[in-house]
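All remarks here apply to the structure that follows.
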Amino acid sequence: MIFQDPQASLNGRMKIKDIIAEGIDVHNLASSSEERDKMVDNLLNQVGLNKDHSSRYPHEFSGGQSQRIGIARALAVDPEFIIADEPISALDVSIQAQVVNLMQELQRDKELTYLFIAHDLSMVKYISDRIAVMHWGKILELGPAEEIYNNPIHDYTKSLISAIPTPDPEIERSRKIEVYDPTAELDGQEREMREVRSGHYVLCTESEFLDYKNA
């Protein structure tokens, strides 16, 4: 797992090599201390750091470097699936792109699957193949990233998409934000995920489903 706050997720009393090697130690993935150190050095290299960093402590690193250490720790057990809990929200905007690009490179090289949790829909679209939109602990809409972004169905998704700012001042001046009314979720009717379009699901009643299909 990759945590939201890179500084808070690293034990300040442990050296970086010991933080990264926690999973290696727990699962007995190294047969000797030499192999353990070699694995840590390789992980540091994969995330853009060097082996000299292994003997330092967390407070000696910037936020972006700390998150790279967190990513290295997550990779230590050679996972197929990683939960990334808002991994860039605590970082400067200039560093966010670097971390996301690193995650994409690792995804391609290691064939990883991410559960990428975030509030920034533009960044979610950039990194995701599929998007699930949640509200009050429930998934309201699920589908391919391009489909969700360009053809949202649920009113909550539409409101989120409409709130995304654009760098074009002309478009920004005319942008209208759709305000979501959540009372529809409190009407007591039973809703379930239904496939409105191919691979595109929405939490809705039968009557809402027909409306979505015919829209």
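Side chains are part of it too, since the values below use all heavy atoms of this structure and drop only hydrogens, waters and symmetry mates.
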E80, CD: over 12 other non-hydrogen atoms inside 6.0 angstrom: no

When clusters are formed by joining ILVMFWY residues with side-chain heavy atoms under 4.5 Å apart, either directly or through shared neighbours, do [X] and [Y] land in the same one?
X   : Y    : answer
Y57 : I69  : no
M1  : I71  : no
I95 : I127 : yes
M14 : L29  : yes
I16 : F3   : no

So, [X] side chain and [Y] main chain: donor-acceptor pair closer than 3.5 Å or not?
X    : Y    : result
Q96  : L91  : yes
S128 : A145 : no
D92  : S94  : no
N45  : D41  : no
E141 : I131 : no
T157 : I153 : no

Check against side chain to side chain contact (heavy atoms under 4.5 Å, CB included), I82 and L115: CA-CA 6 Å; I82 292 178; L115 173 57; over 6 Å; no

Worked verdict on R36 versus D25 for salt bridge (Lys or Arg N to Asp or Glu O under 4.0 Å): CA-CA 8 Å; R36 178 184 187 264; D25 296 339; 2.9 Å; yes

Minimal non-hydrogen separation, [X] against [Y], with atom names:
X    : Y    : result
S9   : R73  : O-NH1, 3.0 Å
P87  : I2   : CB-CG2, 3.8 Å
V202 : V196 : CG2-CG2, 3.9 Å
L102 : R68  : CD2-NH1, 3.6 Å
Q4   : A90  : O-CB, 3.6 Å
H27  : V77  : CD2-CG1, 3.7 Å

Counterpart residues, side-chain contact (heavy atoms from CB on, under 4.5 Å), relative to D211 (two or more places apart): none

Partners of [X] by salt bridge (charged side-chain N to carboxylate O under 4.0 Å, His left out), sequence neighbours excluded?
X    : value
E195 : none
D181 : none
E146 : K125
R197 : E147

Carboxylate-amine/guanidinium contact [X] [Y], below 4.0 Å:
X    : Y    : answer
E172 : R175 : yes
R108 : E105 : no
D37  : K51  : no

Quick one about [Y] and [X] (side-chain donor to acceptor, distance below 3.5 Å, no hydrogens or angles considered), yes or no?
X    : Y    : answer
D5   : Q7   : no
D120 : S122 : yes
Q65  : H53  : no

Heavy-atom check, side chain of I164 versus side chain of Y149, under 4.5 Å: yes

Side-chain heavy atoms of L112 within contact of L106, under 4.5 Å: yes

Please round to the nearest 0.5 Å and tell me the distance separating atom [atom1] of [X] and atom [atom2] of [Y].
X    : Y    : atom1 : atom2 : answer
I177 : I161 : CD1   : CD1   : 12.5 Å
M123 : E86  : CE    : CD    : 12.5 Å
Q67  : M103 : CD    : CE    : 8.0 Å
E192 : F209 : CD    : CZ    : 9.5 Å
M193 : H200 : CE    : NE2   : 8.5 Å
L10  : I19  : CG    : CD1   : 5.0 Å

side-chain hydrogen bond (donor to acceptor under 3.5 Å, both in side chains) contacts touching residues 129-138 (sequence neighbours left out): H135-E185

Pair H154 and Y212, ring centroids less than 6.0 Å apart: no

Worked check of side chain to side chain contact (heavy atoms under 4.5 Å, CB included) between L75 and I20: CA-CA 9 Å; L75 295 173; I20 294 176; over 6 Å; no

Steps toward side chain to side chain contact (heavy atoms under 4.5 Å, CB included) verdict (D155, Y180): CA-CA 6 Å; D155 287 342; Y180 176 63; 3.8 Å; yes

V100/Y126 under side chain to side chain contact (heavy atoms under 4.5 Å, CB included): CA gap, chis, key distance, verdict: CA-CA 9 Å; V100 168; Y126 177 70; 3.6 Å; yes

Qualifying residue, where the test is side chain to side chain donor-acceptor pair (under 3.5 Å) with E208 and the options are R194, K213, R191: R191

